[in-house]
Colleague: 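Please see the structure below; I have some questions.
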Number of protein chains: 2
Amino acid sequence: MTDRPQDPGLTAHESLYRHLRAQIMHGQIEPGASLTLRGLAEEFGVSMTPAREAVRRLAAEGALKLSPSGRVSTPALANDRIEELAALRSLLEPELASRALPRAHSALIDRMQDITVQIDGLMRAGDAAGYIRTNLEFHRNLYLRAQAPAMLALAETVWLQLGPTMRALYARLRRPSASENHNKIIAALRAGDEASLRLAVRQDVTSGLRMLMR
Amino acid sequence: MTDRPQDPGLTAHESLYRHLRAQIMHGQIEPGASLTLRGLAEEFGVSMTPAREAVRRLAAEGALKLSPSGRVSTPALANDRIEELAALRSLLEPELASRALPRAHSALIDRMQDITVQIDGLMRAGDAAGYIRTNLEFHRNLYLRAQAPAMLALAETVWLQLGPTMRALYARLRRPSASENHNKIIAALRAGDEASLRLAVRQDVTSGLRMLMR
DNA sequence: GCCAGCAGTTTGTGATCACAAAACGGCACT
DNA sequence: AGTGCCGTTTTGTGATCACAAACTGCTGGC
């Protein structure tokens with residue numbers, strides 16, 4: 001019982017859920033790793049009941065895989081599944097960006113520029129989880145303006161499913177191609193150019209995933 | 001304890017989950033209706049534990065809403081949320097149809113034609129749930145060929161969120177506009193025409209939802 | 001050397017219970 | 001008649017336990 005943070009004011013299963021979700025989304029758990037309810041429960045100092053709820057909730061979102069016998073593990077994605085999830089990203093995210101465009105004021109764009117610089121630093125520092133997290137934050141910051149919570153939720157579901165695989169991606173990419181793509185997105189936002197915004201987002205989203213598939 | 005079917009070979013929470021999911025997706029529960037864990041547990045002759053799991057799982061999929069205090073209810077959708085979900089359908093489903101097109105052999109198309117006839121009958125008979133269920137079956141039959149399980153899962157999530165609201169839609173539409181749209185889809189499939197298939201699917205998907213929003 | 005079988009252990013499932021917070025209903029007071 | 005208050009009831013949360021199925025590893029036979 002390592003006694004984790006124990007976020008106050010939250011139910012036990014909620015805080016466990018958030019921790020796990022963040023870990024998975026940020027690639028801090030390797031694909032195919034297996035978890036046990038008792039293990040998670042003990043690690044967070046709670047009983048099995050809230051651990052089961054958190055796990056099932058994540059399984060419903062595709063973040064975890066349940067074997068027929070109920071065993072829990074992070075999914076190890078086959079190439080065609082990765083392709084599919086990449087296609088989903090390039091379907092959903094340009095739409096979100098497009099909807100956010102009319103509402104993207106300059107303070108937001110400045111913030112996105114800051115995040116881009118930050119990403120460069122994290123990548124150079126070799127902080128994989130930090131890189132993934134901040135990269136997603138870049139996108140989420142924009143998409144929040146779309147006023148489309150259901151659409152954003154679906155996009156996050158896709159991120160979640162790709163999470164464990166993301167770490168493998170990070171190990172392979174070494175040049176900061178993210179910066180270029182992000183700068184294109186920022187430029188399109190500043191110009192108010194919807195067509196090139198969609199294009200830039202699609203490119204940013206697929207560029208990384210493409211090199212993961214062979 | 002009404003002793004529901006009790007599907008054999010399935011865990012308690014799984015069968016409860018499936019029943020509830022089907023009911024919600026087919027519009028058999030009105031928007032805003034509230035459920036209780038003890039109520040569901042008793043209705044299915046199980047304890048609260050599996051009832052909670054089923055409910056949380058459905059909440060994670062957006063099929064149910066949990067109040068801050070944990071109360072469970074079906075969501076009552078505002079117009080802008082309906083518009084968003086409709087946009088998601090018209091984003092995802094043409095893509096699914098397009099991916100299914102090369103794999104749609106004539107036996108499948110014949111089956112879809114049968115289903116269309118069946119839908120007409122159900123609509124004339126005033127069977128709302130049957131109408132919704134069969135209508136979704138029409139779409140699912142096609143999309144299964146897309147070999148894109150993650151994409152299909154997202155689409156079903158959207159259906160689920162629209163479920164309770166669907167009944168209200170059914171009450172308003174009386175002319176079988178579905179037939180026309182479905183026939184267009186079938187024609188495009190037979191012709192192998194991707195562009196008009198995408199168009200027909202988008203039209204079918206949005207035509208019903210549009211009249212719901214005013 | 002390999003594989004089948006068996007015992008011990010791990011692990012998920014579901015029931016039950018104690019508890020606290022929220023919702024409800026009635027009552028008195030203004 | 002409306003409104004604030006308090007006791008009762010309802011309802012979700014989480015811990016614990018018994019149980020069965022799955023997994024593990026070892027052993028003996030071929």
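Here is the naming used below: chain letters follow the sequence lines, and residue numbers restart at 1 for every chain. Every heavy atom of this structure was used, including side-chain atoms; hydrogens, water molecules and symmetry mates were not. What you see is a predicted model; the values in this text were computed from it and never measured.
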Colleague: Assign each of Arg38(B) and Ser47(B) to its nearest nucleotide of DNA chain C by heavy atoms, then name whichever residue's nucleotide is nearer the 5' end.
Modeller: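 Nearest-nucleotide comparison on DNA chain C picks Ser47(B).
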Colleague: Between Arg71(A) and Gly39(B), which is nearer to the 5' end of DNA chain D once each is assigned its nearest nucleotide?
Modeller: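 Per heavy-atom nearest nucleotide, the more 5' residue is Gly39(B).
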Colleague: Could you identify which residues of residues 49-64 of chain A place a heavy atom less than 4.0 Å from some atom of DNA chain C, listed by residue number, or say none?
Modeller: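 Arg52(A), Arg56(A), in order of number.
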Colleague: Sequence neighbours left out, what passes ring-ring contact (aromatic ring centres under 6.0 Å, His included) with Tyr17(A)? Give chain and number order.
Modeller: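 So Tyr17(A) forms no ring-ring contact (aromatic ring centres under 6.0 Å, His included) with any residue.
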Colleague: Which pair of non-hydrogen atoms, one from Ala104(A) and one from Leu189(A), has the smallest distance, and what is that distance?
Modeller: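 Where Ala104(A) meets Leu189(A) most closely, the heavy atoms are CB-CD2, 4.3 Å.
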Colleague: Of all the heavy-atom pairs spanning Pro94(A) and Val201(A), show the shortest one and how long it is.
Modeller: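 Closest pair (atom of Pro94(A), atom of Val201(A), distance): N-CG1, 3.8 Å.
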Colleague: Taking NZ, NE, NH1 and NH2 as the nitrogens, is one of them in Glu30(A) or Arg167(A) under 4.0 Å from a carboxylate oxygen of the other?
Modeller: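 Result for this pair is no, no salt bridge flagged.
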Colleague: Please name the residue in the list His182(B), Gln118(B), His26(B) that meets the side-chain hydrogen bond (donor to acceptor under 3.5 Å, both in side chains) test with Asn135(B).
Modeller: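 Passing option: His182(B).
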Colleague: Sequence neighbours left out, cut at 3.5 Å: what donor-acceptor pairs do the side chains of residues 140-153 of chain A make with other protein atoms?
Modeller:
from      : atom 1 : to        : atom 2 : distance (Å)
Arg140(A) : NH1    : Glu156(A) : OE1    : 3.1
Arg140(A) : NH1    : Glu156(A) : OE2    : 2.9
Asn141(A) : ND2    : Glu137(A) : O      : 3.1
Tyr143(A) : OH     : Glu93(A)  : OE1    : 2.5
Tyr143(A) : OH     : His139(A) : ND1    : 2.9
Arg145(A) : NH1    : His105(A) : ND1    : 3.3

Colleague: Using heavy atoms to find the nearest nucleotide of DNA chain D for Ser67(A) and Met48(B) separately, return the residue whose nucleotide is more 5′.
Modeller: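 First, find each residue's nearest nucleotide; the 5'-ward one identifies Met48(B).
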Colleague: Which part of the nucleic acid does Leu35(A) contact within heavy-atom distance under 4.0 Å: base, sugar-phosphate only, or nothing?
Modeller: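 Here Leu35(A) touches the backbone only, sparing every base.
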Colleague: Any salt bridge (Lys or Arg N to Asp or Glu O under 4.0 Å) pairs touching residues 66-79 of chain A, not counting sequence neighbours?
Modeller: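 Residue pairs passing salt bridge (Lys or Arg N to Asp or Glu O under 4.0 Å), neighbours aside: none found.
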Colleague: Whole-Å distance between dT11(D) P and Leu66(B) CG?
Modeller: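 Result: 15 Å.
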Colleague: For DNA chain C, note the earliest and the latest nucleotide, 5' to 3', having some atom under 4.0 Å of a heavy atom belonging to chain A.
Modeller: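 Using the under 4.0 Å cut-off, the span is dT11(C) to dG14(C).
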Colleague: Under the side chain to side chain contact (heavy atoms under 4.5 Å, CB included) test, which residues partner Leu77(B), sequence neighbours left out?
Modeller: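 Testing Leu77(B) for side chain to side chain contact (heavy atoms under 4.5 Å, CB included), a comparison that skips the adjacent residues, returns Pro75(B), Arg81(B), Ile82(B), Leu85(B), Leu162(B), Thr165(B).
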